**Q** 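Sharing a structure with you now.
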There are 2 protein chains.
Amino acid sequence: MNIRRLADHLNISIGTVSRALNNRPGVHPETLEKVLKAATELGYVANQSGRSLRRGATNTIGFVIETGHPAHQAGDQFFYVVLDAMNLYLAEQHYDLVILPCHSADDPVEFLSRVIARGIVDALVMTATRRVDHRIAQLAKSKLPFMTLGRSETPGNYSWIDLDFEGVALRSVQEAVKLGHRRIAVGLPDNDVALGYHYKSGYLKGLAEAGFPVDESLIIRVPTSEMGGFSLGKQVAGMADQPTALLLCSEVTAAGVYAAFGDMGIEAGRDISVVAFRENPLMRFLNPAPACFRLDLNALGTRLGETVLDLLSPDEEVSQRRGEIVPLSFVPGKSLQPPRSGGV
Amino acid sequence: MNIRRLADHLNISIGTVSRALNNRPGVHPETLEKVLKAATELGYVANQSGRSLRRGATNTIGFVIETGHPAHQAGDQFFYVVLDAMNLYLAEQHYDLVILPCHSADDPVEFLSRVIARGIVDALVMTATRRVDHRIAQLAKSKLPFMTLGRSETPGNYSWIDLDFEGVALRSVQEAVKLGHRRIAVGLPDNDVALGYHYKSGYLKGLAEAGFPVDESLIIRVPTSEMGGFSLGKQVAGMADQPTALLLCSEVTAAGVYAAFGDMGIEAGRDISVVAFRENPLMRFLNPAPACFRLDLNALGTRLGETVLDLLSPDEEVSQRRGEIVPLSFVPGKSLQPPRSGGV
DNA sequence: GCAACTTTCGTAAACGTTTACGAGACGACC
DNA sequence: GGTCGTCTCGTAAACGTTTACGAAAGTTGC
């Protein structure tokens with residue numbers, strides 16, 4: 001069923017049918033109704049290839065994820081909820097969402113150049129943003145509008161939305177200091193992912209605020225995974241000069257840390273305080289309940305949809321590139337207690 | 001950069017350029033090389049809209065997921081690993097993979113009819129298959145080839161791959177019986193998802209094998225989520241005539257069950273034995289280690305890729321629809337022990 | 001009653017690609 | 001030298017859609 005068959009069936013020209021279907025002005029209300037009725041009856045939907053060939057636009061937004069990537073294997077329900085909300089918003093605006101998985105063995109840059117050249121999407125949302133990100137330089141050169149989840153230091157004409165990793169780290173230090181902690185360790189990702197730098201920056205800011213010195217041995221880099229968290233827990237608990245608090249920039253490491261503590265007879269909060277990152281359903285089942293930060297995933301998803309569609313607006317005011325930092329609210333937990341000895 | 005610009009740059013007709021790029025016969029080796037060289041130099045990649053409009057095929061496989069769906073919010077690294085392996089295989093065969101998220105508020109049937117009519121994919125992989133699945137009837141009517149992950153009872157011309165839920169349930173019962181368990185409870189999904197029926201079937205087969213009666217009060221339906229598992233654990237532990245073993249058809253409920261047990265001072269294995277479903281990284285951090293079943297996610301992903309591409313083969317022998325059941329291997333854990341009282 | 005304008009619609013070109021068809025060049029063979 | 005076949009390539013149509021343009025019909029104003 002193509003537009004010509006639909007037009008023949010109605011004894012109308014395809015031009016008029018197309019105008020009717022696309023709500024173009026200058027079509028008689030009566031024929032408009034006839035066309036719409038026949039279209040739904042015959043189940044006609046415009047072929048995407050034909051349409052995008054002619055229009056140069058696909059009405060599709062691409063969401064790039066990296067499968068096989070350790071930071072994502074973690075993936076709890078984060079992406080499912082965010083994508084759902086984003087998809088919902090995009091559908092309201094008559095846009096479709098496709099997720100483009102860049103597989104682990106593929107070169108991200110080559111992957112993107114295929115996506116760009118093939119013209120299957122009107123705009124991209126990038127994830128797992130790096131501090132220095134070659135993909136951004138590449139996209140900036142192309143004319144494909146894009147935004148990133150997580151901000152990079154790589155310059156380019158793009159919008160971004162980032163969680164307030166710096167603010168969370170700062171607040172985590174402040175809460176720990178308030179309870180009397182002095183030796184505060186932090187677990188960071190072992191790769192160049194941007195959030196690690198922001199988290200560290202907030203951590204350092206917190207120490208400076210409190211007037212504490214920076215002890216490099218308390219800054220520990222591990223993979224963002226359950227195993228990474230396990231290793232982190234073991235390292236921290238095994239230190240001769242044990243810290244009294246441990247801050248985590250990812251929630252998936254929390255389970256590993258708890259397991260490592262369990263193995264060594266250490267209890268979070270009582271022996272070493274722990275502040276995790278994002279509150280998630282799994283945390284309900286960790287004991288003692290971790291102190292963490294709350295984020296509205298649905299709001300984030302909607303905001304992503306709005307931001308990416310803004311890029312495509314003909315209104316320069318709207319399509320102007322912008323950055324946005326999403327705040328998280330502190331959720332006290334049982335895992336953050338005053339240090340046993342009242343500090344070192 | 002389109003094919004005409006490339007052709008002009010080479011002083012060659014676009015027909016020849018197209019033939020060269022597509023490895024069609026009848027191109028002089030010398031010009032073939034020139035074309036390929038210029039294409040990579042100028043970064044030419046065929047526009048997908050134009051190509052698929054002409055060819056009627058997109059060289060793209062769609063993977064349909066339902067976001068916002070409770071059974072998926074669980075999503076541990078399952079999809080990330082499976083999709084990565086599948087994507088890898090498809091890329092080798094010069095196919096692209098897109099994930100099509102059907103958002104929670106959308107009607108799956110309407111969603112699919114859009115996907116079908118717009119012609120953005122050559123074949124589909126469906127997930128979250130229901131025992132009676134309207135989407136299958138719909139796809140069967142359309143000419144779009146598809147396969148399902150999980151088998152349905154809805155007839156249609158399609159291939160499927162399913163995990164051996166029945167075999168796992170049977171084996172779980174057998175292992176429990178071997179240790180002396182007589183009252184064996186089972187947690188099933190509270191919706192029509194196909195795996196629940198197969199798991200129950202294996203459970204019933206195991207009871208029959210052992211000559212045990214079926215106690216309907218031991219068959220408990222809960223949402224496939226951490227919270228569902230929590231509720232399940234509470235229910236089981238609170239029963240007057242407590243079962244000695246509990247079988248789970250999903251790994252995400254395990255965390256909830258453990259938490260509920262912990263709340264009530266019950267220890268898995270010692271007080272009530274637990275057999276979970278798929279082994280995953282998180283389980284390493286549950287204490288005591290759950291008995292579960294091992295699955296090669298990479299192999300599953302590759303197999304999905306092979307199966308879906310087989311659908312498109314011109315060779316009728318190959319494209320014939322087929323079903324396949326993937327076995328899982330038992331992994332003993334500390335959560336499965338002889339019942340305390342030696343059985344009821 | 002004619003010009004000017006509006007409303008509505010049909011025609012055809014264009015998007016970028018693939019491919020059927022035919023043409024030209026060249027060598028082989030009788 | 002003419003015929004045939006092979007190799008290589010150019011031409012043009014086709015895929016399904018949108019849209020600029022113009023035509024036809026109807027309306028208004030004088």
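Protein chains get the first letters and strands the later ones, always in sequence-line order, with residue 1 at the start of each. From a predicted model like this one, the values you see are computed outputs, not experimental measurements.
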**Q** Does D:dT18 have its OP1 or OP2 closer than 4.0 Å to a side-chain nitrogen or oxygen of A:N22?
**A** yes
**Q** Determine whether a donor-acceptor pair (N or O, by modelled atom type, separation under 3.5 Å) exists between the side chain of A:S113 and the backbone of A:E110.
**A** yes
**Q** Under 4.0 Å from OP1 or OP2 of C:dG16: is there any side-chain N or O of B:S49 that close?
**A** no
**Q** Calculate the interatomic distance between A:R19 atom CZ and D:dT18 atom P; express it in whole Å.
**A** 11 Å
**Q** Has B:R51 got a side-chain N or O lying under 4.0 Å from the OP1 or OP2 atom of C:dT18?
**A** yes
**Q** Just N and O in the side chain of A:S52: are any of them under 4.0 Å from OP1 or OP2 of C:dC15?
**A** no
**Q** Hey, does the side-chain of B:R118 have a donor or acceptor N/O within less than 3.5 Å of a partner on the base of D:dG16?
**A** no
**Q** I need the CG-C1' distance between A:L32 and C:dC9, as an integer number of Å.
**A** 14 Å
**Q** Is any N or O donor-acceptor pair between the side chain of A:R54 and the base of D:dT17 shorter than 3.5 Å?
**A** no
**Q** B:R4 CZ to C:dC15 C1': how many Å, rounded?
**A** 10 Å
**Q** For C:dG16, does either OP1 or OP2 sit under 4.0 Å from a side-chain N or O belonging to B:N47?
**A** no
**Q** In whole Å, I'd like the distance from the CG atom of A:L21 to the C1' atom of D:dG16.
**A** 13 Å
**Q** By nearest nucleotide on DNA chain D, pick out whichever of B:R55 and B:V17 is the more 5' one.
**A** B:V17
**Q** In whole Å, what is the span from the CG atom of A:N23 to the C1' atom of D:dT19?
**A** 16 Å
**Q** Decide, yes or no, whether a salt bridge links B:D162 with B:R151 under the criterion of side-chain N to carboxylate O below 4.0 Å.
**A** yes
**Q** Kindly say if A:T16 contacts the phosphate of C:dC9, meaning a side-chain N or O under 4.0 Å from OP1 or OP2.
**A** no
**Q** Could you state the CD1-C1' distance from B:I12 to D:dT11, rounded to the nearest angstrom?
**A** 15 Å
**Q** May I ask you to decide whether A:K37 forms a salt bridge with A:E41, counting only side-chain N to carboxylate O separations under 4.0 Å?
**A** yes
**Q** Would you give the length of the straight line joining atom OG of B:S52 to atom CG of A:L53, rounded to the nearest 0.5 angstrom?
**A** 8.5 Å
**Q** Main chain of A:A57, side chain of A:D122: is a donor-acceptor contact present, judged purely on distance under 3.5 Å?
**A** no
**Q** Between side-chain atoms of residues 1-12 of chain B and protein atoms elsewhere (two or more places apart, or another chain), which donor-acceptor pairs fall under 3.5 Å?
**A**
from : atom 1 : to   : atom 2 : distance (Å)
B:N2 : OD1    : B:R4 : N      : 3.3
B:N2 : OD1    : B:R5 : N      : 2.9

**Q** What's the CE-C1' distance between A:M1 and D:dT17, to the nearest Å?
**A** 15 Å
**Q** Using five pairs at either end of the helix from C:dG1-D:dC30 to C:dC30-D:dG1, determine the angle between the two local helix axes and round it to 10 degrees.
**A** 60°
**Q** Look at all strands and tell whether B:I14 reaches a base, only sugar-phosphate, or nothing, counting heavy atoms closer than 4.0 Å.
**A** base
**Q** Side-chain donor-acceptor pair under 3.5 Å between A:D133 and A:T154, yes or no?
**A** no
**Q** Where is the tightest heavy-atom contact between A:L112 and A:M126, given as atom of each residue plus distance?
**A** CD1-CE, 3.8 Å
**Q** On DNA chain C, check which nucleotide each of B:R24 and A:L53 is closest to and give me the residue with the more 5' one.
**A** A:L53
**Q** Quickly work out the A:I3 CD1 to D:dT19 P distance and round it to whole Å.
**A** 11 Å
